[in-house]
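Throughout, a chain's letter reflects where its sequence line sits, starting with A, and its residues are numbered from 1.
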2 protein chains.
Amino acid sequence: MFEVFFSQVKDKVLLSEAEQKLVKTFFSPKKIRKKQYLLQEGNICRHLAFVEKGLLRSYNVDEKGIEHMIHFAWEGWWMADMLSFLSNEPSTYHIDAIEEAELLLISQTDFEEMLLKVPVMERYFRILFQNNIISKERRLISSISNSAEEKYIHLTATNPELIKRIPQQLVASYLGITPETLSRIKKKLTKGV
Amino acid sequence: MFEVFFSQVKDKVLLSEAEQKLVKTFFSPKKIRKKQYLLQEGNICRHLAFVEKGLLRSYNVDEKGIEHMIHFAWEGWWMADMLSFLSNEPSTYHIDAIEEAELLLISQTDFEEMLLKVPVMERYFRILFQNNIISKERRLISSISNSAEEKYIHLTATNPELIKRIPQQLVASYLGITPETLSRIKKKLTKGV
DNA sequence: GTTTAAACTTGATTTATGTCAAGTTGATTT
DNA sequence: AAATCAACTTGACATAAATCAAGTTTAAAC
């Protein structure tokens, strides 16, 4: 159950056998089915979820009822509403499974306790968050700088797996464009080949 | 010189006198004039900069020569190209001073050393990065979900100081819209009052 | 204090993208 | 395999925002 997890963690920091054992105790496994919610708007996000298998998405819904994709997370990625998780405020996000998923959950109090008891995990999350900032910044720059077509090209270059694995309408939402526009962009680009 | 710095750090973690003294040794002060560069595209970002006084901006320039604002940092904020700083790759950003600024700089190696020698600073940066992720996520959601007018209204609500302190054309760029559009939005909104 | 340059505003026009609607393809369920 | 539903495509049209250009205000430089 912890295979993907520890291979990910060991990618960033060194963990002793004892530390691994201790870290394990803070997590509990959970399986969720396709379309099942992990978090619904209005509820407090009480866990960080690590994806061992499957695929999750987080999104919010605006006044017009339109969904806006915030993140996707598959094997080796984390998923949560960090704002709600850290501040204990009700979430404005939904999180659900695009593909049936196996997760490792850690609660708010266990997260804090783990970081204090296993300082190397404090380091792991500092590095993880660092990387997250960098990738968010790139997505943001693309979002404010590029046309719809450029945004799509940029995404295929920086995240080809996402294009392959995520349904097109959700990719469109992730880019902040309509499914129709994305469909036309793809047609235009394949024509050009 | 470290007044703003330690008030910021103490806001997030507890520091002993000894730790404070040690932390100070890793930083060197620097003043830069208005319009002076701290970093230019193509160079490696070798320092994190903490702003004690003044105002910095980071931006990139696209093929058409258009500047896209990435961040602003005034008293109490950090500035860097994190990607370049962490990976040692040449930066794609420019960083310069909008207002004359007093900075505290820490180098890549000193940063790593400080985090290892003063674990509470590891914690500080984990928390700092956490908060950064949340604010970037909000900006991103607004960017992909909202119209130009809604983006501007959202910014006035979440970051009123930015609107007051940053020249309008830079605010427009920060929002990913043209100065003309921002000017028209402001006119429309003041009319409505 | 006058000159010069930069920032901001306003108007006319163009363009990219959104919206609405209908059709097609593909997937899921019975 | 047929039926049902959702995903994707395509076309016609509407609209928000960009572009281009001129004017005005404000700030900087001499």
Side-chain angles (χ1 to χ4, degrees), chain A residues 33-36 55 57 59 61-69 72 96-100 142-156 162-193, chain B residues 33-36 54-55 57 59 61-69 72 96-100 141-156 162-193:
Chain A
R33 292 267 174 79
K34 201 171 165 169
K35 295 191 180 176
Q36 193 183 328
L55 175 57
R57 64 167 178 161
Y59 59 100
V61 182
D62 68 23
E63 329 79 54
K64 293 161 205 152
I66 299 168
E67 296 179 356
H68 302 281
M69 296 306 126
F72 302 107
D96 65 18
I98 297 178
E99 299 170 12
E100 188 177 58
S142 178
S143 176
I144 62 171
S145 309
N146 296 335
S147 67
E149 185 178 328
E150 288 166 335
K151 277 182 225 179
Y152 177 72
I153 292 171
H154 181 259
L155 185 63
T156 58
L162 194 152
I163 308 278
K164 279 178 214 140
R165 196 156 174 186
I166 311 287
Q168 265 192 52
Q169 54 171 179
L170 304 188
V171 173
S173 170
Y174 185 79
L175 290 171
I177 63 179
T178 58
E180 293 95 329
T181 297
L182 181 54
S183 177
R184 289 182 180 112
I185 286 168
K186 289 188 79 172
K187 193 189 175 190
K188 188 187 159 194
L189 291 176
T190 52
K191 249 193 198 168
V193 176
Chain B
R33 293 265 174 79
K34 201 171 167 171
K35 295 193 180 174
Q36 193 182 330
L55 175 56
R57 64 167 177 161
Y59 60 100
V61 182
D62 68 22
E63 331 80 52
K64 293 161 206 150
I66 299 166
E67 296 179 356
H68 302 280
M69 296 307 125
F72 300 106
D96 65 18
I98 298 178
E99 300 170 11
E100 188 177 56
I141 293 168
S142 178
S143 175
I144 63 172
S145 309
N146 297 334
S147 67
E149 184 177 329
E150 288 166 336
K151 278 182 226 179
Y152 177 72
I153 292 170
H154 181 258
L155 185 62
T156 58
L162 195 151
I163 307 277
K164 278 178 216 141
R165 197 154 173 189
I166 310 286
Q168 264 193 55
Q169 55 171 177
L170 303 188
V171 173
S173 170
Y174 184 80
L175 290 171
I177 63 179
T178 58
E180 292 95 328
T181 297
L182 181 54
S183 177
R184 289 183 180 110
I185 287 167
K186 287 188 78 172
K187 191 188 175 190
K188 189 187 159 195
L189 291 176
T190 51
K191 247 191 199 169
V193 175

Can you tell me how far [atom2] of [N] sits from [atom1] of [X], to the nearest Å?
X	N	atom1	atom2	value
D62(A)	dG18(C)	CG	C1'	14 Å
L175(B)	dA17(D)	CG	C1'	13 Å
I185(A)	dA16(C)	CD1	P	11 Å
E150(B)	dA16(D)	CD	C1'	12 Å
K188(B)	dT15(D)	NZ	P	14 Å
K187(A)	dT17(C)	NZ	P	17 Å
Y152(B)	dA17(D)	OH	P	15 Å
N146(A)	dA16(C)	CG	P	15 Å

Gap separating the CG atom of L162(B) from the CG atom of L175(B), nearest 0.5 angstrom: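 Going from the CG atom of L162(B) to the CG atom of L175(B) covers 8.5 Å.
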Kindly compute the distance separating CD1 (I166(A)) from CD1 (I98(A)), expressed to the nearest 0.5 Å.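 Spacing of CD1 (I166(A)) from CD1 (I98(A)) equals 4.5 Å.
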Whether each nucleotide of nucleotides 19-30 of chain C has a protein heavy atom under 4.0 Å at its base (B), only at its sugar-phosphate (S) or at neither (-) is summarised, 5' to 3', as BB----------
For E100(A), all residues meeting salt bridge (Lys or Arg N to Asp or Glu O under 4.0 Å), sequence neighbours excluded: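 Partners of E100(A) under the salt bridge (Lys or Arg N to Asp or Glu O under 4.0 Å) test: R33(A).
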For [X], all residues meeting side chain to side chain donor-acceptor pair (under 3.5 Å), sequence neighbours excluded:
X	answer
Q168(B)	none
S147(A)	E150(A)
E99(B)	R165(B)
Q169(A)	none

For the helix from dG1(C)-dC30(D) to dT30(C)-dA1(D), how many degrees between its two end axes (five pairs per end), to the nearest 10°?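 Axis-to-axis angle, ends of the helix: 60°.
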Provide a list of protein-nucleic acid N or O atom pairs under 3.5 angstrom, restricted to nucleotides 3-8 of chain D.
unit_1: dA7(D); atom_1: OP1; unit_2: Q169(A); atom_2: OE1; d: 3.1
unit_1: dC8(D); atom_1: OP1; unit_2: Q168(A); atom_2: N; d: 3.1
unit_1: dC8(D); atom_1: OP2; unit_2: Q169(A); atom_2: N; d: 3.1

Using atom types as modelled, flag every donor-acceptor pair under 3.5 Å from a side chain in residues 61-69 of chain B to any protein atom, sequence neighbours excluded.
unit_1: D62(B); atom_1: OD1; unit_2: K64(B); atom_2: N; d: 2.9
unit_1: D62(B); atom_1: OD1; unit_2: G65(B); atom_2: N; d: 3.1
unit_1: D62(B); atom_1: OD1; unit_2: I66(B); atom_2: N; d: 3.0
unit_1: D62(B); atom_1: OD2; unit_2: H68(B); atom_2: NE2; d: 2.8
unit_1: E67(B); atom_1: OE1; unit_2: R57(B); atom_2: NH1; d: 3.1
unit_1: H68(B); atom_1: ND1; unit_2: S145(A); atom_2: OG; d: 3.4

S142(A): partners by side-chain contact (heavy atoms from CB on, under 4.5 Å), with sequence neighbours left out: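 Here the qualifying residues are N146(A), K151(A), H154(A).
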Let me know, please, whether P179(A) or E149(B) comes out on the 5' side of the other along DNA chain D by nearest nucleotide.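 The 5'-side residue here is P179(A).
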By ring-ring contact (aromatic ring centres under 6.0 Å, His included), which residues pair with Y152(A), not counting sequence neighbours?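 Partners of Y152(A) under the ring-ring contact (aromatic ring centres under 6.0 Å, His included) test: none.
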Hey, does L182(B) reach any base, or is it just sugar-phosphate, or nothing, if we go heavy atoms under 4.0 Å?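 Result for L182(B) = nothing.
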Strictly by side-chain hydrogen bond (donor to acceptor under 3.5 Å, both in side chains), give each pair with a member in residues 170-181 of chain A just once, sequence neighbours left out.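 As it turns out, the side-chain hydrogen bond (donor to acceptor under 3.5 Å, both in side chains) pairs with a partner in residues 170-181 of chain A, which skip direct neighbours, are T178(A)-T181(A).
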